[in-house]
Chemist: 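One structure, pasted below without further comment.
Just so it is clear, the values below take in all heavy atoms, side chains as well, and ignore hydrogens, waters and symmetry mates. Within every chain, numbering begins at 1; the chains are lettered A, B, ... in the order of the sequence lines, protein sequences first and strands thereafter. Computed from a predicted structure; not experimentally measured.
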Amino acid sequence: MSQNEAVAALLSDMATLLELLGENQFKAIAHSRASRVIESLDKPVETLDKAALVAIDGIGDKIANKIVEFCATGRMKEHEELAAQVPGGLRQIMELPGLGPKTVRAMWQTLNITDLAGLRKAIDDGSLLTLPRMGEKAVEKIKGAIALGEEATRRTPIGLAMPLAERLRSELLALAKKHAKFKITRVEIAGSLRRGRDTIADLDFLVCTAGAFDSSSKTVHPILEEFTKLPEVRQIIVAGATKASVRCAINIHTARWKGGADQQPAEPTIQVDVRLVPEGSFGAAWMYFTGSKDHNVVLRQRALAQGMTLNEYGLFKEDKTTDVPPQHRGAKPVAAATEEDVFKKLGLAWVPPESRESVGEVALAEKDSLPELIELADIKCELHAHTTASDGKMSMRELVMEAHRRGFHTIAVTDHSKSSAVANGLSVERLKDQIKQVKQLNKQLADEGIDIKVLAGSEVDILADGTLDYDDDLLAELDVVVASPHVALSQDPKTATERLLKAIEHPMVHILGHPTGRLINRRNGLSPDMSTLIAAAKEHDTALEINAHWMRLDLRDTHVRMAVAGGCKIAIDCDDHDITDFDNLRYGLLTARRGGLTAASCVNAWDRKKLLAWLKR
DNA sequence: GCCGTTTTCGGCCCGACTGTTTTCAGTCG
């Protein structure tokens, strides 16, 4: 865990503790916001002094002191004092969907419930019903939430969430077509999926209607009613006039469980929220449901400062003489139909969804100086791919033809090195033979008039001590060297930093592959000092990889932001093992865009001449 | 606890839905 993650976790926990203690809610919100700010910070927090911390939006004098204290001593006294006052088991109860600080505090203070076991007991003996505003239905909901367990809070990797979202979107569009009378004009993906985060808590859809719209109706809108009947839906959480929330199976095609009911494994599910808005509000609504939450708050505060108010129905002139929301008094919005309109009327350039994380993008949009982010069409080559020679499923020829089909001018063959025994890594002799095969294939392709350059390469293991898995003479024969860590991924940060530095500084290495070795939701991987690696990568002209596989996405978005700020070159590679792996490029692109990457800094976006010149440097 | 295009004090984004209530508190995003 990096220092940033450690500080963010402590501040977030302080927010929870403050809520449970019934302290000023705005104090809790301030800690929660500070936690998110530190989590997405593009610098190691331990390198910042107090003045630098206070300069960050959302960090004031007091929280800066706590962060400085933690970085110096490894402790945060105020956190320890708060934690001593609150039973630790309450945190688990707070995580149950539907339960918030007010209710959990009442459970604790009135019924002396301090953990999940106590909550179960209070349900069984009926004492929970004695709490204010606690009836039969509320108890049933809590029982369901307990049964759902960790399933409710687990984030889904984008590589699983995106295909499900695209299928649900087409099913919603099919419903719209079948029921033309509802006049559905658009169905769009919003939320963190549109922002391209590496993991997704819930899927958000925006549905626009040109038909009748009454947000105060007490009946469920028919299109939302239809949505809750889709075959993927496992549970309906809420359904109303403008909104429905359900839990959907992530893998609808997995076989039904045939064993005993009590041993049935929890089926992976994800929450899906659908919001219905009138067509004229499309832009404002898409912005609102895309978020992030903090980005929205910044925009709404900006609107207020300009005498306007912003909600999902539009940007309106503020009217202080009434409490009735503008959309209910028939006010005409200043802007609402498109995102561009709303940003423009706020005095801002349109901000790409991947940048909407409240990390300074609004200030850049005000000056119209947002970076021109890299796009899928900019990617012209793949520099990290495997064949059947090691653990890939494609022959060299199949790999190259797929790269050509996708319009790439260059493809690198980078099978595993000799120490990767489980991946059938190439011995010295086999690698020398493969280099010859690459030369022959290039000649054949030229004869056949197929314009693609095949590079002889290797994904060389960075051994635990930082040495590479082949000697320099052999590496010198290769066109491209990707050096990656595969073993000893639990090293302490200092050892890991020194290990990766050796690879970055090695004159034969072009690209540092999946630098931390993390696997999302499965393995944290290394926590090297990124700022040290980035400075070295810049100095030695070594590119850092964004491994595009959705289980890796390594570098992650915050690392990319640091690397871009540090002037590093970035490679976006699919690490292809199978022909379908090429499709993971979209996820690497989203991560790159979240980090503010431009085509100029991405080696995969260069033309062949520039790329080859860099590889021969 | 944070922050300032009215403010260094006094606010703090805004709306939907549910369940338990006789008008709204709590939760969520």
Chemist: Please classify the nucleic acid contact of A:R33 as base, sugar-phosphate, or nothing, using heavy-atom distances under 4.0 Å.
Modeler: nothing

Chemist: Does A:F26 lie flat on the base of B:dC12, that is, centres under 5.5 Å apart and planes under 30° off?
Modeler: yes

Chemist: Touch check for A:A241, heavy atoms < 4.0 angstrom, all strands: base, sugar-phosphate only, or nothing?
Modeler: sugar-phosphate

Chemist: Heavy atoms under 4.0 Å, any strand shown: does A:G291 hit a base, just sugar-phosphate, or nothing?
Modeler: nothing

Chemist: Using heavy atoms to find the nearest nucleotide of DNA chain B for A:D61 and A:P97 separately, return the residue whose nucleotide is more 5′.
Modeler: A:D61

Chemist: What's A:S215 touching, base or sugar-phosphate or nothing? Going by heavy atoms closer than 4.0 Å.
Modeler: sugar-phosphate

Chemist: Roughly, in whole Å, what's the span from CD in A:Q25 to C1' in B:dC28?
Modeler: 14 Å

Chemist: Could you check which of B:dC17, B:dC12, B:dC14 has an atom nearest any side-chain atom of A:N311?
Modeler: B:dC14

Chemist: Categorize A:K293 for me: base, sugar-phosphate, or nothing, with a 4.0 angstrom heavy-atom threshold over every strand shown.
Modeler: base

Chemist: Scan A:E312 against the nucleic acid and name what it touches under 4.0 Å (heavy atoms): base, sugar-phosphate only, or nothing.
Modeler: sugar-phosphate

Chemist: How far, in whole Å, is B:dC13 from B:dG29 if one measures between their C1' atoms?
Modeler: 12 Å

Chemist: Applying a 4.0 Å non-hydrogen cut-off, can you work out what A:P101 is touching in the nucleic acid: base, sugar-phosphate, or nothing?
Modeler: sugar-phosphate

Chemist: Examine distances only and state if a side-chain atom of A:E188 and a backbone atom of A:F205 form a donor-acceptor pair shorter than 3.5 Å.
Modeler: no

Chemist: Using a heavy-atom cut-off of under 4.0 Å over every strand shown, decide if A:Q271 touches base, sugar-phosphate, or nothing.
Modeler: sugar-phosphate

Chemist: Within this structure, what is the CD1-to-P distance between A:I38 and B:dG1, rounded to whole angstrom?
Modeler: 16 Å

Chemist: Considering only B:dG1, B:dG26, B:dA16, which nucleotide approaches the side chain of A:K102 most closely?
Modeler: B:dG26

Chemist: From the options B:dC13, B:dA16, B:dG1, select the nucleotide whose nearest atom is closest to the side chain of A:I63.
Modeler: B:dG1

Chemist: For B:dT7 versus B:dC12, give the span between their C1' atoms, rounded off to a whole number of Å.
Modeler: 13 Å

Chemist: For the side chain of A:Y288 and the base of B:dG29, is some donor closer than 3.5 Å to an acceptor across the two?
Modeler: yes

Chemist: Taking the side chain from A:R36 and the backbone from A:D294, do they hold a donor-acceptor pair closer than 3.5 Å?
Modeler: no

Chemist: Give one of base, sugar-phosphate or nothing for A:L304, where a contact means two heavy atoms less than 4.0 Å apart.
Modeler: sugar-phosphate

Chemist: Between C1' on B:dC14 and CD on A:E318, what's the gap in Å once rounded to a whole number?
Modeler: 12 Å

Chemist: If the test is side chain to side chain contact (heavy atoms under 4.5 Å, CB included), which one of A:L116, A:L148, A:V104 qualifies with A:L96?
Modeler: A:L116

Chemist: When you check the phosphate oxygens OP1 and OP2 of B:dA16, does a side-chain N or O of A:Y313 lie under 4.0 Å from one of them?
Modeler: yes

Chemist: Select one nucleotide: of B:dG15, B:dT20, B:dC13, the one nearest the side-chain heavy atoms of A:A138.
Modeler: B:dT20

Chemist: For B:dG4 versus B:dT8, give the span between their C1' atoms, rounded off to a whole number of Å.
Modeler: 8 Å

Chemist: Would the distance check show the side chain of A:E361 and the main-chain N or O of A:S358 forming a donor-acceptor pair, the cut-off being under 3.5 Å?
Modeler: yes

Chemist: Taking A:R275 first and then A:E312, would you say they form a salt bridge - that is, a charged N and a carboxylate O separated by under 4.0 Å?
Modeler: yes

Chemist: Closest to the A:E78 side chain: B:dA16, B:dG1, B:dG29?
Modeler: B:dG1

Chemist: Students often get this wrong, so: under 4.0 angstrom with heavy atoms, is A:L310 touching a base, only sugar-phosphate, or nothing?
Modeler: sugar-phosphate

Chemist: Just to confirm, is there a sub-4.0 Å distance from OP1 or OP2 of B:dG15 to any side-chain nitrogen or oxygen of A:Q327?
Modeler: yes

Chemist: Check every strand shown and say whether A:E136 touches a base, only sugar-phosphate, or nothing at a heavy-atom separation below 4.0 Å.
Modeler: sugar-phosphate

Chemist: Of the options B:dG15, B:dG1, B:dT18, whose atoms approach the side-chain atoms of A:P325 most closely?
Modeler: B:dG15

Chemist: Quick one: look up who B:dC17 pairs with, Watson-Crick or G-U, both distances under 3.5 Å, and put none if it's unpaired.
Modeler: B:dG26

Chemist: Are A:K243 and B:dC17 close enough that a side-chain N or O sits under 4.0 Å from OP1 or OP2?
Modeler: no

Chemist: Does A:L224 or A:Q301 map to a spot on DNA chain B nearer the 5' end, using the closest nucleotide for each?
Modeler: A:Q301

Chemist: Quick check against the 3.5 Å criterion: does A:R234 have a side-chain atom that pairs as donor or acceptor with the backbone of A:A249?
Modeler: no

Chemist: So what does A:A239 touch, heavy atoms closer than 4.0 Å: a base, only the sugar-phosphate, or nothing?
Modeler: sugar-phosphate

Chemist: Measure from NZ or CZ of A:R586 to the centre of the six-membered ring of A:W550, then state whether that distance is under 6.0 Å and the direction lies within 45° of the axis.
Modeler: no

Chemist: Tell me which nucleotide among B:dG1, B:dT20, B:dG26 gets nearest to the side chain of A:A30.
Modeler: B:dG1

Chemist: If we take the P atom in both B:dC9 and B:dG15, what is their distance in whole Å?
Modeler: 31 Å

Chemist: Looking at CG of A:L553 and OG1 of A:T591, how far apart are the two atoms once the value is rounded to the nearest 0.5 Å?
Modeler: 4.0 Å

Chemist: What's the CZ-C1' distance between A:R36 and B:dC2, to the nearest Å?
Modeler: 13 Å

Chemist: Looking for any heavy atom pair under 4.0 Å, which part of the strands does A:D202 touch: base, sugar-phosphate only, or nothing?
Modeler: sugar-phosphate

Chemist: For nucleotides B:dT21 and B:dA16, find the distance between their P atoms and express it as a whole number of Å.
Modeler: 24 Å

Chemist: Counting only side-chain nitrogens and oxygens, does A:T309 get under 4.0 Å of the OP1 or OP2 atom of B:dC14?
Modeler: yes

Chemist: I'd like the P distance from B:dT20 over to B:dA25, given in whole Å.
Modeler: 16 Å

Chemist: Side chain of A:K62 only, please: which of B:dT27, B:dG15, B:dG1 is the nearest?
Modeler: B:dG1

Chemist: Roughly how many Å apart are B:dG11 and B:dT22, using the P atom of each and rounding to a whole number?
Modeler: 29 Å

Chemist: Side chain to side chain donor-acceptor pair (under 3.5 Å) between A:H295 and A:E357: does it pass, once the steps are laid out?
Modeler: CA-CA 6 Å; A:H295 173 86; A:E357 295 288 350; over 6 Å; no

Chemist: For B:dC28, take OP1 and OP2 only and decide whether either is under 4.0 Å from a side-chain N or O of A:S245.
Modeler: no

Chemist: Heavy atoms under 4.0 Å, any strand shown: does A:I59 hit a base, just sugar-phosphate, or nothing?
Modeler: sugar-phosphate

